[in-house]
A.B. asks: 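The structure is given below, and queries will be raised subsequently.
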Amino acid sequence: MKEAYFPQEIEKKWQSEWEKNNVFQTPDNSDKPKYFALSMFPYPSGKLHMGHVRNYTITDVIARFKKMQGYNVLHPMGWDSFGLPAENAAMKHGADPAKWTDENIAYMTKQLKMLGLSYDWQREVTTCKPDYYKWTQWLFLQLYKKGLAYKKEAAVNWCETCGTVLANEQVIDGKCWRCDSVVEKKYLSQWFFKITDYAEQLLKDLDKLDGWGDNVKTMQANWIGKSQGAIFRFKVKEIEGMEVPVYTTRPDTVHGITYLVVAPEYKDIEKLTTPENKNAVEEYRANARKMTEIERLSTDRVKTGVPLGTHCINPFNGEEFPLWTADYALVEYGTGAVMAVPTHDTRDFDFAKKYNLPLKVVIQDPQNPSDCKDVAYTEEGVLVNSNEFNGMKNTEAKKAITQKAVDGGFGEFKTQYRLRDWLISRQRYWGAPIPVVYCDKCGIVPEKEENLPVMLPTDVDFSVVGKSPITTSKTFKDTTCPVCGGPATREMDTMDTFVCSSWYYLRYSDAKNSEKCFDKEKVNHWLPVDQYVGGIEHAILHLLYSRFFTKALRDCGLLDFDEPFKNLLTQGMVLKDGSKMSKSKGNTVDPDEIFENFGADTARLFILSDSPPARDFDWSDAGVEGCYKFLNRVWRLISDGVNKREIAKDYKLAFPLSRENDDLVRIVNIAMKGITNDISNDFQFNTVISKYRELTNAIYDWRGKCKGELDNEQKNVFSFATTSLIKLMSPVTVHMAEEIWHELGYKNSIHEEKWCEWDESLAKASKITLVIQVNGKVKDKLEVDEGVTDEDLKQIALSTEKIKEITSGKEIVKTIVVPKKLVNIVVKG
RNA sequence: GCUCCAGUGGCGGAAUCGGUAGACGCGUUGGACUUAAAAUCCAAUCGGGGUUCACCCUCGGUGCCAGUUCAAGUCUGGCCUGGAGCACCA
């Protein structure tokens with residue numbers, strides 16, 4: 001065995017060996033239980049960054065560990081390859097997006113292989129390939145049939161310079177990420193998925209996700225934004241038969257209404273405006289339209305509004321109050337109209353103060369009543385000025401008052417969600433075409449399933465400005481109607497890339513199927529994903545959409561489970577010098593350089609070493625070198641032993657062992673147990689790695705204490721310890737472990753070995769350290785035999801010189817014994 | 001403003017159940033080997049104080065203030081700071 005560790009040589013050799021022998025291919029059929037380990041698939045941007053390295057290393061170690069534990073592990077990889085960067089590259093350099101994407105995939109695949117990741121490449125999926133997007137389109141049609149895909153007029157983020165809509169993520173501080181011009185709101189007819197139909201299920205099923213962090217679950221719950229309240233309908237005094245409905249979470253304050261606000265875009269606003277107020281209202285609405293979303297939603301902006309001139313009547317007390325329009329009412333939420341109770345709502349209060357609208361207190365803290373002249377009272381209290389409800393607690397009044405409205409026929413209980421339907425249309429070329437045609441006779445017609453995929457045209461001009469390149473195709477637009485056969489035009493929009501990524505994990509179960517999106521039996525076998533690993537930035541969008549897709553496809557009968565991801569690990573960011581690695585800051589580290597200088601095993605070891613996976617990880621060059629040195633240290637230990645014939649393949653431990661040998665064997669067993677527990681318990685790889693080091697140090701110490709040539713027992717113990725170390729390290733330092741394994745004389749791959757099993761009776765030290773406390777403070781420690789009873793411990797503690805001295809002349813009140821650990825003597829005086 | 005997460009040496013972090021705070025590493029300092037350097041190895045490394053001074057003793061210490069307990073980094077209540085997400089959502 002070579003004395004020096006040459007990672008580059010070893011790593012290349014084993015990577016090609018594994019590929020040749022299909023070590024990581026996963027059969028569908030196996031006697032072993034299944035385990036699906038999944039990393040969030042990357043966008044092929046060009047090169048891997050350290051965030052990718054961290055993500056994929058974490059999942060890879062999990063996959064290898066589970067495989068060694070006897071699971072049939074599915075560990076696939078793919079490419080989220082539709083999206084804007086490819087199209088932008090095309091616009092900038094005249095490159096073909098498909099070619100640009102393919103080249104990036106090829107390069108990044110090479111990098112992934114250099115990292116030694118155990119993927120089953122037979123199951124690779126690429127969302128921009130027709131064999132994948134055919135099924136994205138097919139799934140769109142299934143949702144359409146179910147009424148879950150529909151078209152409507154909606155406001156979108158519009159960049160006039162680029163002539164296209166932008167995703168919310170592409171709007172940075174209200175400006176286009178590419179050309180920096182201000183983003184406007186525009187009304188366009190767009191395709192939506194009816195995710196709101198699933199709002200309650202998406203919220204409720206969060207409770208089932210024990211394997212998800214609370215942070216992600218609460219983020220989703222907030223996003224869904226369930227609230228419970230009431231709808232009240234108010235008659236308009238000036239217009240016979242007209243009503244304005246409002247949604248409120250504070251029905252208890254209904255007697256305190258002093259005005260009502262409708263959104264500037266409210267559908268009946270023109271009818272509700274008197275001729276005298278028409279000009280002012282029109283002007284206000286025109287201004288609101290011009291305003292950007294950011295301006296309008298800024299919370300510190302002074303609230304503005306104008307009166308409409310009409311009034312409503314409060315059915316609870318007969319009071320009249322004026323109608324206003326103000327942009328703090330949002331047309332998309334609730335009914336688009338707000339009943340304003342300035343005394344008990346801070347926004348209404350600000351508005352009322354500015355326009356001198358009246359205040360009427362209806363909730364009070366009986367101990368400390370407020371007139372609400374300076375600030376709204378939003379806490380709980382008791383009703384006043386509320387007729388028969390006076391004296392009732394406001395929490396109870398919510399129900400009683402709503403019930404009165406229900407009985408009177410002017411209101412009802414209402415549950416409201418903040419979640420909006422998912423806008424999936426993009427006026428973009430590089431995406432999956434929406435498989436729909438427009439026929440003058442038949443209207444909106446879905447494409448026939450046998451005509452899928454609707455192929456992306458290639459005869460497009462990317463240099464066009466102000467419209468989607470797809471519209472320049474001569475061959476794409478005109479088609480025939482699937483129903484009547486007459487002339488028709490294709491939908492020119494493509495789907496949001498989040499649609500493609502909402503089902504890719506299902507496709508891995510049956511990636512090569514050309515007849516179906518996936519076989520039902522296979523998808524039910526492999527899914528849900530046992531462990532999903534990825535960045536926290538996907539906490540809402542991707543994970544919520546995927547959950548929605550799973551539920552919708554379940555309702556389409558395509559699969560039989562409710563939730564796609566059983567366990568979720570959101571890994572922290574990779575930082576350098578305390579801030580996120582980014583090109584603009586110039587603090588990036590190129591994975592290629594690390595592979596070249598230290599090897600992939602060092603990179604893998606280091607990226608797992610210093611922080612637990614969920615926390616941010618601070619990259620340091622010294623840390624990398626430290627890991628490299630550690631691998632050299634392990635290599636030297638074993639190569640030295642192998643070359644001196646002290647370590648052999650066929651070792652046997654014959655008990656009882658000498659004291660020193662027994663101690664080392666115990667340390668090995670303790671390490672096996674500890675490492676297994678650390679991985680099983682939230683994947684604490686940082687402590688796993690510290691245990692590798694402890695074990696290595698212990699073996700070195702033991703070896704240093706052996707004098708002269710090793711005897712047989714020592715050789716066996718040395719072989720056991722080093723072979724165990726290398727097996728424990730094999731999921732992390734995959735190439736080095738394999739090389740050493742073969743140097744030891746084994747012929748199979750270490751990655752197909754069984755995980756270490758420890759002997760419970762040996763997984764503890766032969767001596768324990770007894771801690772003796774007096775009044776909870778440590779006063780003495782001593783070594784005692786492992787088998788002592790509690791009574792023995794007590795007697796030992798009380799008879800030590802030191803304790804006698806401390807307790808002399810004092811009354812011992814009681815003695816607490818923690819078995820095999822500690823004695824606490826409580827004294828008085 | 002609301003929600004969630006976090007706060008431990010010079011630094012990253014460790015500490016299943018409440019039971020030895022600071023594992024392991026980085027850095028630093030000293031030493032060995034060497035003509036020298038690199039590499040490697042050994043030792044020290046929370047703070048204050050004491051001392052019969054290289055062996056100990058003692059006090060304090062896990063963001064802050066209380067509480068529960070024989071015992072609190074860990075549990076409870078109230079704050080402070082930092083991070084993340086949401087936000088005129090009625």
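Computed over heavy atoms, backbone and side chain alike; hydrogens, waters and symmetry mates excluded. For clarity, every value in this text was computed on a predicted model and none was experimentally measured. So that the names make sense, note that chain A is the first sequence line, chain B the second, and so on, each numbered from 1.
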A.B. asks: Choosing from B:rG85, B:rC41, B:rC26, which nucleotide comes nearest the side chain of A:Asn222?
C.D. replies: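 Looking only at side-chain atoms, A:Asn222 lies closest to B:rG85.
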A.B. asks: Would A:Ile607 and A:Gln571 count as a side-chain contact (heavy atoms from CB on, under 4.5 Å) if you check the C-alpha gap in whole Å, the side-chain angles of each, and the deciding distance to 0.1 Å?
C.D. replies: CA-CA 11 Å; A:Ile607 204 99; A:Gln571 104 252 4; over 6 Å; no
A.B. asks: Whole angstroms only, please: what is the CG-P distance between A:Asp780 and B:rU20?
C.D. replies: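 Roughly 15 Å, once rounded to whole Å.
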A.B. asks: Out of B:rU40, B:rG12, B:rA90, which has the shortest distance to the side chain of A:Ser611?
C.D. replies: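 Given the options B:rU40, B:rG12, B:rA90, the side chain of A:Ser611 is closest to B:rG12.
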A.B. asks: Starting from P on B:rC88, measure out to CE on A:Met339 and report it in whole angstrom.
C.D. replies: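 Between P of B:rC88 and CE of A:Met339: 20 Å.
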A.B. asks: What nucleotide among B:rU20, B:rU16, B:rC88 has an atom nearest to a side-chain atom of A:Lys781?
C.D. replies: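 Minimum distance to the A:Lys781 side chain belongs to B:rU20.
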A.B. asks: Just compare B:rA90, B:rC70, B:rA14 and give me whichever is closest to any side-chain atom of A:Asn686.
C.D. replies: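 Nearest to the side chain of A:Asn686 among the choices is B:rA14.
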A.B. asks: So, OP1 or OP2 of B:rA14: does either fall under 4.0 Å of a side-chain N or O from A:Arg615?
C.D. replies: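 For B:rA14, OP1 or OP2 has a side-chain N or O of A:Arg615 closer than 4.0 Å.
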A.B. asks: What does A:Lys629 touch in the nucleic acid at a heavy-atom separation under 4.0 angstrom: a base, only the sugar-phosphate, or nothing?
C.D. replies: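 Answer is sugar-phosphate: A:Lys629 comes under 4.0 Å of backbone atoms only.
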A.B. asks: Could you tell me whether B:rC65 is syn or anti, where syn means a glycosidic angle within 90 degrees of zero?
C.D. replies: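 Here the answer is anti: the torsion falls beyond 90° from 0.
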A.B. asks: Quick one: A:Ile768 CD1 to B:rU20 P, roughly how many Å, whole number?
C.D. replies: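 Checked: the CD1 to P distance equals 13 Å.
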A.B. asks: What I want to check is whether an N or O donor and acceptor connect the side chain of A:Arg347 with the base of B:rC89 at under 3.5 Å.
C.D. replies: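 Looking at the base of B:rC89, it does not pair with any donor or acceptor on the side chain of A:Arg347 (distance under 3.5 Å).
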A.B. asks: Between B:rU20, B:rC41, B:rA90, spot the one nearest the side chain of A:Ala329, thanks.
C.D. replies: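 My answer, after comparing the listed nucleotides, is B:rA90.
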A.B. asks: Applying a 3.5 Å limit to both distances, which nucleotide forms a Watson-Crick or G-U wobble pair with B:rC86?
C.D. replies: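 The base-pairing partner of B:rC86, which may sit in any strand shown, is B:rG1.
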A.B. asks: Answer with base, sugar-phosphate or nothing: what part of the nucleic acid does A:Lys777 contact at a heavy-atom distance below 4.0 Å?
C.D. replies: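 Sugar-phosphate: the residue A:Lys777, judged by heavy atoms under 4.0 Å, touches backbone atoms but no base.
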A.B. asks: Whole angstroms only, please: what is the CG-P distance between A:Leu782 and B:rU20?
C.D. replies: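 So the two atoms are 16 Å apart, to the nearest Å.
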A.B. asks: From the list B:rG19, B:rC86, B:rG85, which nucleotide is the closest neighbour of the side chain of A:Met219?
C.D. replies: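 Of the options given, the side chain of A:Met219 lies nearest B:rG85.
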A.B. asks: When you measure from the side chain of A:Ser690, which nucleotide among B:rC24, B:rU20, B:rU3 comes out closest?
C.D. replies: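 Of the options given, the side chain of A:Ser690 lies nearest B:rC24.
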A.B. asks: Tell me which of A:Lys673 and A:Arg420 sits closer to the 5' end of RNA chain B, going by the nucleotide each one is nearest to.
C.D. replies: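 Nearer the 5' end of the strand: A:Lys673.
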A.B. asks: Is A:Gln773 touching bases, backbone alone, or none of the nucleic acid, heavy atoms closer than 4.0 Å?
C.D. replies: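 Result for A:Gln773 = base.
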A.B. asks: Give A:Val826 one of three labels, base, sugar-phosphate or nothing, depending on what nucleic acid heavy atoms sit under 4.0 Å from its own.
C.D. replies: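 Result for A:Val826 = sugar-phosphate.
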A.B. asks: Over all strands shown, is A:Arg693 touching base, sugar-phosphate only, or nothing at heavy-atom distances under 4.0 angstrom?
C.D. replies: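 Here A:Arg693 touches the backbone only, sparing every base.
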A.B. asks: Does OP1 or OP2 of B:rA6 have a side-chain N or O of A:Asn215 closer than 4.0 Å?
C.D. replies: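 For B:rA6, OP1/OP2 do not have a side-chain N/O of A:Asn215 under 4.0 Å.
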A.B. asks: Tell me the interatomic distance from A:Lys821, atom NZ, to B:rA15, atom P, rounded to whole angstroms.
C.D. replies: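 Going from A:Lys821 (NZ) to B:rA15 (P), I get 13 Å.
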A.B. asks: Is a donor-acceptor pair below 3.5 Å formed from side chain A:Lys814 to base B:rC70, judging by atom type as modelled?
C.D. replies: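 Not at all, since no donor on one side and acceptor on the other fall under 3.5 Å apart.
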A.B. asks: Compute whether any side-chain donor of one residue and acceptor of the other, for A:Tyr5 and A:Ser639, lie under 3.5 angstrom apart.
C.D. replies: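 The criterion, which ignores hydrogens and geometry beyond distance, is not satisfied for A:Ser639 and A:Tyr5.
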A.B. asks: Among B:rA15, B:rU16, B:rC89, which is the nearest nucleotide to the side chain of A:Asn681?
C.D. replies: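 Comparing B:rA15, B:rU16, B:rC89 against the side chain of A:Asn681, the answer is B:rU16.
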A.B. asks: Pick base, sugar-phosphate or nothing for A:Thr249, based on heavy-atom distances below 4.0 Å to the nucleic acid.
C.D. replies: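 Sugar-phosphate only.
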A.B. asks: Do any side-chain nitrogens or oxygens of A:Tyr333 fall under 4.0 Å of OP1 or OP2 in B:rA90?
C.D. replies: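 The answer is yes; a side-chain N or O of A:Tyr333 sits under 4.0 Å from OP1 or OP2.
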A.B. asks: Please classify B:rG9 as syn or anti, treating any glycosidic angle within 90° of 0 as syn.
C.D. replies: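 Glycosidic conformation of B:rG9: syn.
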A.B. asks: Determine the interatomic distance between P on B:rU51 and the same-named atom on B:rC41; round to the nearest Å.
C.D. replies: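 Here B:rU51 and B:rC41 have their P atoms 40 Å from each other.
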A.B. asks: Check every strand shown and say whether A:Asn824 touches a base, only sugar-phosphate, or nothing at a heavy-atom separation below 4.0 Å.
C.D. replies: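 If one applies the 4.0 Å heavy-atom cut-off, A:Asn824 turns out to touch a base.
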A.B. asks: Quick test of your reading of the model: are A:Asp785 and A:Lys767 salt-bridged, counting only N-O distances below 4.0 Å?
C.D. replies: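 Yes, A:Asp785 and A:Lys767 are salt-bridged.
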A.B. asks: For A:Lys802, answer base if it contacts any base atom (sugar-phosphate contacts may also be present), sugar-phosphate if it contacts only those atoms, and nothing otherwise; contact means non-hydrogen atoms under 4.0 Å.
C.D. replies: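 The answer is sugar-phosphate, as A:Lys802 gets under 4.0 Å only of primed atoms, P, OP1 or OP2.
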A.B. asks: Would you say A:Gln228 places a side-chain N or O within less than 4.0 Å of OP1 or OP2 belonging to B:rC89?
C.D. replies: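 False: A:Gln228 side-chain N/O out of range (4.0 Å or more) of B:rC89 OP1/OP2.
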A.B. asks: Considering only atom C1', compute the distance from B:rU76 to B:rU69 and round it to an integer number of Å.
C.D. replies: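 Taking atom C1' in both B:rU76 and B:rU69, they lie 12 Å apart.
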A.B. asks: Rounding to the closest angstrom, what is the interatomic distance between B:rG63 and B:rG9 at atom P?
C.D. replies: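 Result for the P pair: 8 Å, nearest Å.
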A.B. asks: Measure from the ring center of A:Phe351 to the ring center of A:Tyr259 and say whether it is less than 6.0 Å.
C.D. replies: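 Yes, ring centres under 6.0 Å apart.
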A.B. asks: Can you tell me how far C1' in B:rC24 sits from the matching atom in B:rU8, rounded to whole Å?
C.D. replies: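 It works out to 15 Å between them.
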A.B. asks: From A:Lys204 NZ over to A:Ile224 CD1, what is the distance, rounded to the nearest 0.5 angstrom?
C.D. replies: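 A:Lys204 atom NZ to A:Ile224 atom CD1 measures 12.0 Å (nearest 0.5 Å).
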A.B. asks: Searching all strands shown, indicate the nucleotide that pairs with B:rG61 (Watson-Crick or G-U wobble; both distances under 3.5 Å).
C.D. replies: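 None - no nucleotide pairs with B:rG61, as no candidate has both distances under 3.5 Å.
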A.B. asks: Please report the distance, rounded to the nearest Å, between CG in A:Asp640 and P in B:rC41.
C.D. replies: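 A:Asp640 atom CG is separated from B:rC41 atom P by 12 Å.
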A.B. asks: Which one, B:rC70, B:rC86, B:rC24, comes nearest to the side chain of A:Asn697?
C.D. replies: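 Nearest to the side-chain atoms of A:Asn697, counting from C-beta on, is B:rC24.
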A.B. asks: With a 4.0 Å cut-off on heavy atoms, is A:Val771 in touch with a base, just the backbone sugar-phosphate, or nothing at all?
C.D. replies: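 Since a base atom lies under 4.0 Å of A:Val771, the category is base.
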A.B. asks: Provide, to the nearest angstrom, the distance between the CG atom belonging to A:Asp327 and the P atom belonging to B:rC89.
C.D. replies: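 In whole Å, B:rC89 P lies 13 Å from A:Asp327 CG.
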A.B. asks: Just checking A:Lys399: does its NZ atom have more than 12 heavy atoms from other residues, nucleotides or ligands closer to it than 6.0 angstrom?
C.D. replies: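 No, NZ of A:Lys399 has 12 or fewer neighbouring heavy atoms, counting only those of other groups under 6.0 Å.
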A.B. asks: To the nearest 0.5 Å, how far apart are CZ in A:Phe630 and CG in A:Asp601?
C.D. replies: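 Here the rounded value is 11.5 Å.
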A.B. asks: Expressed in whole Å, how much space separates the C1' atoms belonging to B:rG22 and B:rU62?
C.D. replies: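 Nearest-Å result for B:rG22 against B:rU62 at atom C1': 9 Å.
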A.B. asks: Give me the distance, rounded to whole Å, that separates B:rA21 from B:rU74 when you measure between the C1' atoms they each carry.
C.D. replies: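 Those two atoms are separated by 11 Å.
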A.B. asks: Over all strands shown, is A:Asp348 touching base, sugar-phosphate only, or nothing at heavy-atom distances under 4.0 angstrom?
C.D. replies: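 Contact class for A:Asp348: none.
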A.B. asks: Looking only at the side chain of A:Val778 (C-beta and beyond, no hydrogens), which of the listed nucleotides B:rG25, B:rA21, B:rC86 gets closest?
C.D. replies: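 Among the listed nucleotides, the one closest to the side chain of A:Val778 is B:rA21.
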A.B. asks: So, does A:Lys820 get its side chain near the phosphate of B:rG19, meaning an N or O under 4.0 Å from OP1 or OP2?
C.D. replies: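 A:Lys820 to B:rG19 OP1/OP2: no side-chain N or O under 4.0 Å.
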A.B. asks: Output the rounded distance in Å from CZ (A:Phe606) to C1' (B:rG13).
C.D. replies: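 In whole Å, B:rG13 C1' lies 12 Å from A:Phe606 CZ.
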A.B. asks: Hey, which of these two, A:Gly776 or A:Leu822, hits RNA chain B nearer its 5' end, going by closest nucleotide?
C.D. replies: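 That would be A:Leu822.
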A.B. asks: Between B:rU68 and B:rU45, how far apart are the two P atoms, rounded to whole Å?
C.D. replies: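 Straight-line distance between the two P atoms is 37 Å.
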A.B. asks: Please determine, by modelled atom types, if A:Glu783 and A:Thr769 share a side-chain donor-acceptor pair under 3.5 angstrom.
C.D. replies: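 Yes, side-chain donor-acceptor contact under 3.5 Å.
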A.B. asks: Stepwise, does the side-chain contact (heavy atoms from CB on, under 4.5 Å) test hold for A:Leu770 with A:Lys781?
C.D. replies: CA-CA 5 Å; A:Leu770 172 67; A:Lys781 298 174 197 179; over 6 Å; no
A.B. asks: If we take the C1' atom in both B:rG61 and B:rA72, what is their distance in whole Å?
C.D. replies: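 The same atom, C1', in both gives a distance of 14 Å.
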A.B. asks: Establish, from distance only, whether the side-chain atoms of A:Thr733 and A:Tyr692 form a donor-acceptor pair under 3.5 Å.
C.D. replies: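 No - no donor-acceptor pair under 3.5 Å links their side chains.
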